[in-house]
Each structure stands twice: as C-alpha cells, then as structure tokens.
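On a predicted model such as this, the values are computed, not experimentally measured, just so you know.
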Amino acid sequence: MFTKKELPECPVATTVGLIGNKWKLLIMRDLLKGTQRFGELRKSIPEISQKVLTENLRSMEGDGIVIRTVYAEVPPRVEYSLSDLGNTLRPIISVMETWGMDYKKLNEDTSTDTDV
C-alpha cells in the first residue's frame, strides 16, 4: 500500500507496486471470474500459504482493488471481489494472458526444431 507521498513518479512503477507480484496477479486472475471465498482462492492457488494470501488480500483491499464482504452468519462467510477500480485492470490482465499464450506457443514451436 502506498500513501500519496510514497507513490512513484513513474506510472509504470506505480502499477507494478500495486499489482506486481505473482500472488496479486493470480488473485486478480481468479477474481476476474467473479466473487470468491477465501477457501476458493486458496484452492485455486495451491502454492500460496494462508498467511501470504491474507496479506495480499489485505493489501489489495487497502489499495482499493479488492472488496471484502463479511456476512454475519455462523460460521462467518467472507467473500472477495474486484472493486470498480480493480475491474479497470481487466484489460491489463487480458493482454498479459494473450502475451503468455503467444510466448508459450513460440517456445513450443522452437522446441520442436532440431539442430542439424
């Protein structure tokens, strides 16, 4: 989380600071599909620990990217969704997905070439 005084001058650095770790990107990938409960996020990102998931969700909530909704039920139910601001990141994640697929395809094509 950045305070207004801590925001970098460079807008790319600002974006990287807000979403530039693999966990936040994977959380956003899942939340772009719709509202998720904590356990659903944890299952969809098996490599992440509970502590790291919690820290990243809190950070994203503090930055206004994620909305945390708590339902007064027994047991308590907590759901996470992207805020309107978070949804503005949809085209960025989409472009990253397309680039990643293209890169993987390029590597598949070059790995089948044989040196003669």
query: Quick one: CD on Glu97 to CZ on Arg90, what's the gap to the nearest 0.5 Å?
result: 11.0 Å

- request: Determine yes or no for a side-chain-to-main-chain donor-acceptor pair under 3.5 angstrom, with Thr15 supplying the side chain and Pro11 the backbone.
  value: yes

- prompt: Counting N and O atoms only, with roles assigned by atom type, does the side chain of Ser83 sit under 3.5 Å from a partner on the main chain of Gly64, one being a donor and the other an acceptor?
  reply: yes

query: Counting only N and O atoms by type, is there a donor-acceptor contact under 3.5 Å from the side chain of Asn21 to the main-chain atoms of Trp23?
result: yes

message: Using a strict threshold of under 4.0 Å (side-chain N to carboxylate O), is an ion pair present between Glu40 and Arg42?
response: no

statement: Distance col, row Leu89:CG vs Leu82:CG, nearest 0.5 angstrom, shows 7.5 Å

query: Does the Thr98 side chain pair with the main chain of Ser94, one donor and one acceptor, at a distance under 3.5 Å?
result: yes

- prompt: Charged N to carboxylate O under 4.0 angstrom, Lys105 versus Asp102?
  reply: no

query: Say you draw a straight line from CG of Leu41 to CG of Asn56; how long is it, rounded to the nearest 0.5 Å?
result: 11.0 Å

query: Does CG in Asp84 sit with more than 12 non-hydrogen atoms of other residues, nucleotides or ligands closer than 6.0 Å?
result: no

Salt bridge Glu55-Lys51, side-chain N to carboxylate O under 4.0 Å: yes

Reported CG-to-OH distance for the pair Leu53 and Tyr80, which is rounded to 0.5 angstrom: 7.5 Å

- prompt: Can you hop from Ile45 to Leu31 via hydrophobic side chains spaced under 4.5 Å?
  reply: yes

query: Got a second to check how far Gln36's CD is from Glu79's CD, nearest 0.5 Å?
result: 9.5 Å

- prompt: Does the side chain to side chain contact (heavy atoms under 4.5 Å, CB included) test come out yes or no for Val78 and Arg68, once each step is laid out?
  reply: CA-CA 7 Å; Val78 179; Arg68 179 178 185 262; 3.7 Å; yes

Path from Val70 to Val66 over hydrophobic side-chain contacts below 4.5 Å: yes

